Amino acid sequence: MILQQIIEKLYETPVDQIDRNETLQAVEELKIALNRGEVRAADCYSGWWCVNSWVKKGILLAFRIGELSEMSDDELFQFFDKDTMGVRQFSVNHGVRIVPGGSMVRDGCYLGEGVVMMPPSYINIGAYVDEGTMIDSHALVGSCAQIGKRVHLSAASQIGGVLEPIGSLPVIVEDEVFIGGNCGIYEGTIIKKNAVIASGVTLTRATPVYDLVKKTIHRSSATGPLTIPEGAVVVPGNRQLNDPFSREYQLAIYTPIIVKYRDEKTNASVVLEESLR
Ligand SMILES: CC(C)(COP(=O)(O)OP(=O)(O)OC[C@H]1O[C@@H](n2cnc3c(N)ncnc32)[C@H](O)[C@@H]1OP(=O)(O)O)[C@@H](O)C(=O)NCCC(=O)NCCS
């Protein structure tokens, strides 16, 4: 049986009937394949992203059968986690920079060559971070998030994790995207390539995004996530609420706005610090 079938079968097995050794082995094989980038939580086919639910099921199995254990490697700093949730090990040959100071990559994540992690930052299980991406201090790459090539995740930007519902896409950030400081990208939102998300923008499944250029509103649907178009420049804005109570108190609600599509000026604003890499 191939790994996918084994995981699908184990996932359907009630926890009190599950073969722990078989499950541990399947989970271990899955994490190795994730580390190598051979399997991913989502794949892109001709521009369309599809979730690989079986990968998420494998990760959920790891949580389900894991037992709490001590993971400390000295006496001063103690760590406790499920024994199925190790820490990803690297060698210098992987070509990634994990700058000292409190960053962590969970086992079961792919990091391409040239990825830089500034401290502290955290990459959760199932994430895929492609080559040349910069993850700045206090940034989070949540479980199963898929981050493209030469993406910049600025300080304190939060890329949410999506493990459940099992059929939901994770957050996807395509190649060359710039995510500004203090952004939050959650609930399976897709940021298409070259987009620029200004500092402080929060995007969830429920967030409508008003596009001043195309005169349209981008929203998630019952079947699809919120998708920010290629090259869009999204800034934080607000819109007037028009019910009598809101008018009386002049209430406005936060709403992100696409003010333009990326141009030379935007490129100059988000130019990466090549010398720091
Ligand atoms: C989005 C950003 C890159 C600017 O892009 P840009 O293409 O240079 O934008 P422009 O200056 O041409 O502005 C276009 C319009 O959007 C508005 N705008 C730009 N950035 C904005 C922001 N962050 N918030 C609100 N409005 C903004 C401008 O006022 C302008 O509107 P106007 O023409 O009515 O005056 C910049 O605002 C930004 O967020 N940079 C990231 C900073 C950051 O997080 N750094 C982290 C380093 S760790």
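This is a predicted model, so every value here is computed, not measured. In each ligand, atom 1 is the first atom listed, and ligand 1 is the first ligand listed.
The distance criterion of under 3.5 Å between nitrogen or oxygen atoms is not met by Ser154 with respect to ligand 1. Considering backbone and side-chain N/O of Lys260, one or more are found under 3.5 Å from N/O of ligand 1. Taking distance alone, with nitrogen or oxygen atoms compared against 3.5 Å, Asp136 stays at or beyond that limit from ligand 1. Ligand 1 has no N or O atom lying under 3.5 Å from any N or O atom of His152, backbone or side chain. Not one N or O of Val233 is nearer than 3.5 Å to an N or O of ligand 1, by distance alone.
Nearest-heavy-atom check against atom 18 (N) of ligand 1 across Leu153, Asn182, Val235 picks out Val235.
Judged by distance alone, with hydrogens and angles left aside, the side-chain atoms of Tyr254 form a donor-acceptor pair with the main-chain N or O of Thr202 at under 3.5 Å.
Within 6.0 Å of CD on Gln250 lie no more than 12 heavy atoms contributed by other residues, nucleotides or ligands. Crowding of Phe80 atom CZ: a count of heavy atoms from other residues, nucleotides or ligands under 6.0 Å exceeding 12.
Distances below 4.0 Å separate heavy atoms of Gly180 from the following atoms of ligand 1: 44 (O). Shown in contact with Ser199 at under 4.0 Å from a heavy atom are these atoms of ligand 1, numbered in order with element: 39 (O), 44 (O). Residue contact check: Val270 has heavy atoms under 4.0 Å from atoms 3 (C) of ligand 1. Short contacts between ligand 1 and Ala198, defined as distances under 4.0 Å to a heavy atom of the residue, involve ligand atoms 1 (C), 23 (N), 39 (O). Listed by number with element, the atoms of ligand 1 under 4.0 angstrom from any heavy atom of Ser269 are 3 (C), 6 (P), 8 (O). Residue Lys265 approaches ligand 1 through these ligand atoms, each under 4.0 Å from one of its heavy atoms: 8 (O), 10 (P), 11 (O), 12 (O).
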Worked verdict on Glu22 versus Lys9 for salt bridge (Lys or Arg N to Asp or Glu O under 4.0 Å): CA-CA 11 Å; Glu22 187 190 11; Lys9 180 200 77 176; 2.9 Å; yes

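For the pair Asn242 and Gln240, the minimum side-chain heavy-atom distance is below 4.5 Å. Using a 4.5 Å heavy-atom cutoff, the side chains of Gln146 and Glu174 are not in contact.
At a heavy-atom cutoff of 4.0 Å, ligand 1 is contacted by the side chain of Val259 but not by its backbone.
The only member of Lys193, Lys149, Arg150 that meets salt bridge (Lys or Arg N to Asp or Glu O under 4.0 Å) when paired with Glu176 is Arg150.
Annotation: cation-pi pair Arg88/Tyr110 absent, no NZ/CZ under 6.0 Å from the ring centroid and within 45° of its normal.
A donor-acceptor pair shorter than 3.5 Å cannot be found between the side chains of Ser269 and Thr266.
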